[in-house]
Amino acid sequence: MAVDWLSGRFSEVRPQAMAALTRQFRDIDLAEEAFADACLRAVERWPQMGLPDDPLAWLLHVARNRGIDRVRKAGRHNILAPIPETPDSADDAVIADLDLNGLRDDVLRLLFVCCHPALARQDQLALALRVVGGLSTAEIAGAFLIKPRAMEQRITRAKRTIAQNPVPFDPPDLTERAHRLRAVSQMVYLMFNEGWSASSGDIQIKLPLCIEAIRLARLLLSLYPGMSELMGLLALLLFQHARTAARIDASGHLVPLDRQDRGLWDRDLIKEARYLVAKARRSGQPGAFQLQAQIAEAHAVASSDSTVDWHGIEALYRMLYQVQPTPIVRLNQAVAVGRARGPDAALAILDTLAGDLHGYRWFHTTTAAFRLEGGDPAGAIAALEQALTLNPTALERQAMLDQLDRAKKSVHAVGSGSHPAS
């Protein structure tokens with residue numbers, strides 16, 4: 001087994017190595033096998049010879065030769081990329097002149113392959129975790145709460161789909177690069193969201209997915225350091241991740257944002273995120289991730305929920321809706337409007353979204369909260385009962401049942417002549 005310092009090095013260079021090898025061999029499985037061979041060789045050699053000056057170059061050189069050997073032994077003469085005749089000199093020093101210039105686009109292409117539009121969203125995430133992140137099938141299965149055998153089958157099917165619907169290997173032009181970056185950024189964002197608030201099941205927070213998404217966001221920003229939207233993406237994930245310790249209380253219940261202990265928020269992550277937001281803001285071209293990061297920042301800098309600048313957040317949501325006019329953005333805008341101007345103003349917006357978001361559980365819980373605040377507990381009960389039918393996680397279900405109990409008590413209080421609960 002590789003010692004920790006070796007494992008860390010392998011993880012650090014894996015995205016670039018896998019990207020270059022996938023371009024070389026045009027086969028994800030072969031690239032994985034070749035990289036694994038190179039890592040095994042490193043386990044044998046590095047403890048004796050010391051860490052090479054350029055570990056990535058060393059691993060790429062060995063992996064390329066191991067891959068060539070595998071191709072020859074298998075008689076696979078249909079490899080599309082030209083493979084140079086290179087002697088196996090893994091016992092020598094690092095090949096200093098190994099060409100690494102194309103790695104930036106290689107990594108982008110590999111990530112773009114993983115979020116292939118022919119794949120279902122969870123298959124895209126699983127493939128990225130396996131191919132780019134290097135997580136084992138068992139680790140990925142644990143993150144998605146399915147059996148390892150089932151996850152192995154899904155990843156195999158995803159690779160087969162990609163093989164049947166290949167992405168061009170040529171370096172992308174500026175337009176294609178921008179398209180790929182948008183698709184990859186969205187995949188990273190969805191990976192974090194699945195970890196932050198699971199779409200279903202008994203586990204609410206899947207930290208491995210959050211951590212991998214942040215790692216991929218850092219990787220993208222390191223490849224394209226001048227792109228303000230990537231700064232916004234990483235900042236948004238860091239702001240969210242900073243609140244992890246405060247999201248579930250000692251009893252195992254979800255804690256809403258307005259009741260979280262802000263002393264538990266990770267101030268180092270918030271500081272890093274604020275630096276990224278400030279740097280991105282100087283671009284003068286706010287995109288969707290930047291605006292969402294600014295909204296998260298408004299919560300992070302407030303000393304308490306009562307000091308949150310809801311009018312400022314409402315304005316940011318108006319800007320975000322211009323960039324990203326979706327019902328979900330409008331729903332979040334309604335929350336800001338409600339906090340800034342009262343429940344009636346929020347409900348006026350929510351009523352316009354009932355058709356688009358009828359199957360979205362958070363629409364109904366939001367509606368319930370504002371109906372209860374506005375003195376309509378019966379309407380809140382109806383909304384919560386609908387939310388409970390929409391496959392909430394175990395913790396979400398408990399939170400909804402608690403909210404439902406409060407609404408029913410409020411109905412009883414109104415019937416007894418008391419003021420409704422607030």
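Start at 1 with the first residue, then count along the sequence.
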Taking every non-hydrogen atom, the tightest pair across Ala213 and Val188: O-CG1, 3.2 Å
Any donor-acceptor pair under 3.5 Å from Asn165 side chain to Thr161 backbone: yes
Is the Trp46 ring parallel, tilted or perpendicular to the Phe10 ring (thresholds 30°, 60°)? tilted
Lys/Arg N to Asp/Glu carboxylate O, Glu152 vs Lys147, below 4.0 Å: no
How close do Leu316 and Gln294 get, heavy atom to heavy atom, and via which atoms? CD2-OE1, 3.4 Å
Residue pair Val301 / Ile270, side-chain heavy-atom distance below 4.5 Å: no
Would you indicate whether Glu44, at its atom CD, is surrounded by more than 12 heavy atoms from other residues, nucleotides or ligands within a distance under 6.0 Å? yes
Of all heavy-atom pairs between Val131 and Cys114, which one has the smallest distance, and what is that distance? CB-SG, 4.3 Å
Taking only residues two or more places apart in sequence or in another chain, which ones pass side-chain contact (heavy atoms from CB on, under 4.5 Å) with Lys271? none
Sidechain-backbone polar pair: Ser185 side chain, Arg182 backbone, donor-acceptor under 3.5 Å: no
Counting C-beta onward and ignoring hydrogens, is there a side-chain heavy-atom pair between Thr22 and Val113 closer than 4.5 Å? no
Below 4.5 Å, heavy atoms only, C-beta onward: do Arg121 and Glu194 meet side chain to side chain? yes
Is there a side-chain contact between Arg361 and Met400 (heavy atoms, below 4.5 Å)? yes
Do you know which two heavy atoms are closest between Ala302 and Val308, and how far apart they sit? CB-CG2, 3.7 Å
Interatomic distance, CG@Leu350 vs CG@Leu357, rounded to 0.5 Å, equals 9.0 Å
For the side chain to side chain contact (heavy atoms under 4.5 Å, CB included) test, which of Asp402, Asp249, Leu395 pairs with Leu254? Leu395
For Arg339 and Asp305, what are the C-alpha separation, side-chain angles and deciding distance, and is it a side chain to side chain contact (heavy atoms under 4.5 Å, CB included)? CA-CA 10 Å; Arg339 295 300 302 272; Asp305 183 69; 2.6 Å; yes
Residues two or more places apart in sequence or in another chain: which of them pass ring-ring contact (aromatic ring centres under 6.0 Å, His included) with His253? none
pair Leu181-Met227: side-chain heavy atoms closer than 4.5 Å: yes
Could you check if a side-chain atom of Leu221 sits within less than 4.5 angstrom of a side-chain atom of Leu276, using non-hydrogen atoms only? yes
With salt bridge (charged side-chain N to carboxylate O under 4.0 Å, His left out) as the test, would you mind laying out the steps for Asp29 and Lys159 before giving the verdict? CA-CA 8 Å; Asp29 284 325; Lys159 290 178 178 178; 2.7 Å; yes
Spell out, as yes or no, whether a donor-acceptor pair under 3.5 Å connects the side chain of Arg397 to the backbone of Leu388. yes
Under 3.5 Å donor-acceptor, Gln124 side chain and Met187 backbone: no
For Leu291 and Val323, which heavy atoms make the closest approach, and how far apart are they? CD1-CG2, 4.1 Å
Pair Gln292, Phe239 - check side chain to side chain contact (heavy atoms under 4.5 Å, CB included), show working. CA-CA 10 Å; Gln292 290 178 78; Phe239 276 130; over 6 Å; no
Side chain of Glu297, backbone of Val277: donor and acceptor closer than 3.5 Å? no
Between Asp69 and Asp37, is the side chain to side chain contact (heavy atoms under 4.5 Å, CB included) condition met? List the steps. CA-CA 11 Å; Asp69 289 343; Asp37 288 344; over 6 Å; no
Atom CG in Leu234, atom CG in Leu216: separation rounded to 0.5 Å? 11.0 Å
Is it the case that more than 12 heavy atoms not belonging to Arg274 sit under 6.0 Å from its CZ atom? no
When rounded to the nearest 0.5 Å, the distance separating CG of Leu127 from CG of Leu110 is 8.0 Å
Arg247 and Asp261 ion-paired at < 4.0 Å: no
Examine distances only and state if a side-chain atom of Gln16 and a backbone atom of Leu56 form a donor-acceptor pair shorter than 3.5 Å. no
Apply ring-ring contact (aromatic ring centres under 6.0 Å, His included) to Phe192 and list each qualifying residue two or more places apart in sequence or on a separate chain. Trp196
Under 4.5 Å between any side-chain heavy atoms of Gln164 and Arg160, yes or no? yes
Closest non-hydrogen atom pair, Ala346 against Ala334: CB-O, 3.4 Å
If you round to the nearest 0.5 Å, how far is OG1 of Thr326 from CG of Asn332? 8.5 Å
salt_bridge(Asp405, Lys409) N-O dist < 4.0 Å: yes
Testing the 3.5 Å rule here: is there a donor-acceptor pair between the side chains of Arg330 and Gln333? yes
Under 3.5 Å, side chain of Arg109 to main-chain N/O of Arg104, donor-acceptor pair present? no
Find out whether His364 and Glu385 are in side-chain contact, i.e. whether some heavy atom of one side chain is under 4.5 Å from a heavy atom of the other. no
How long is the span from the CZ atom in Arg130 to the CD atom in Glu139, to the nearest 0.5 Å? 9.0 Å
Please list all pairs meeting side chain to side chain donor-acceptor pair (under 3.5 Å) that have one or both residues in residues 215-228, counting only residues at least two apart or in different chains. Asp105-Tyr224, Glu212-Arg215, Arg218-Glu272, Ser228-Ser283, Ser228-Gln290
Mind checking the NZ-CD spacing from Lys408 to Gln403? Nearest 0.5 Å is all I need. 12.5 Å
How would you list all residue pairs meeting ring-ring contact (aromatic ring centres under 6.0 Å, His included) that involve residues 282-318, not counting sequence neighbours? Tyr189-Phe289, His299-Trp310
Could you go step by step and tell me if Arg66 and Glu33 meet the side chain to side chain contact (heavy atoms under 4.5 Å, CB included) rule? CA-CA 9 Å; Arg66 292 297 185 267; Glu33 291 164 359; over 6 Å; no
Tell me the side chain to side chain donor-acceptor pair (under 3.5 Å) pairs involving residues 343-353, sequence neighbours left out? Asp351-Arg371
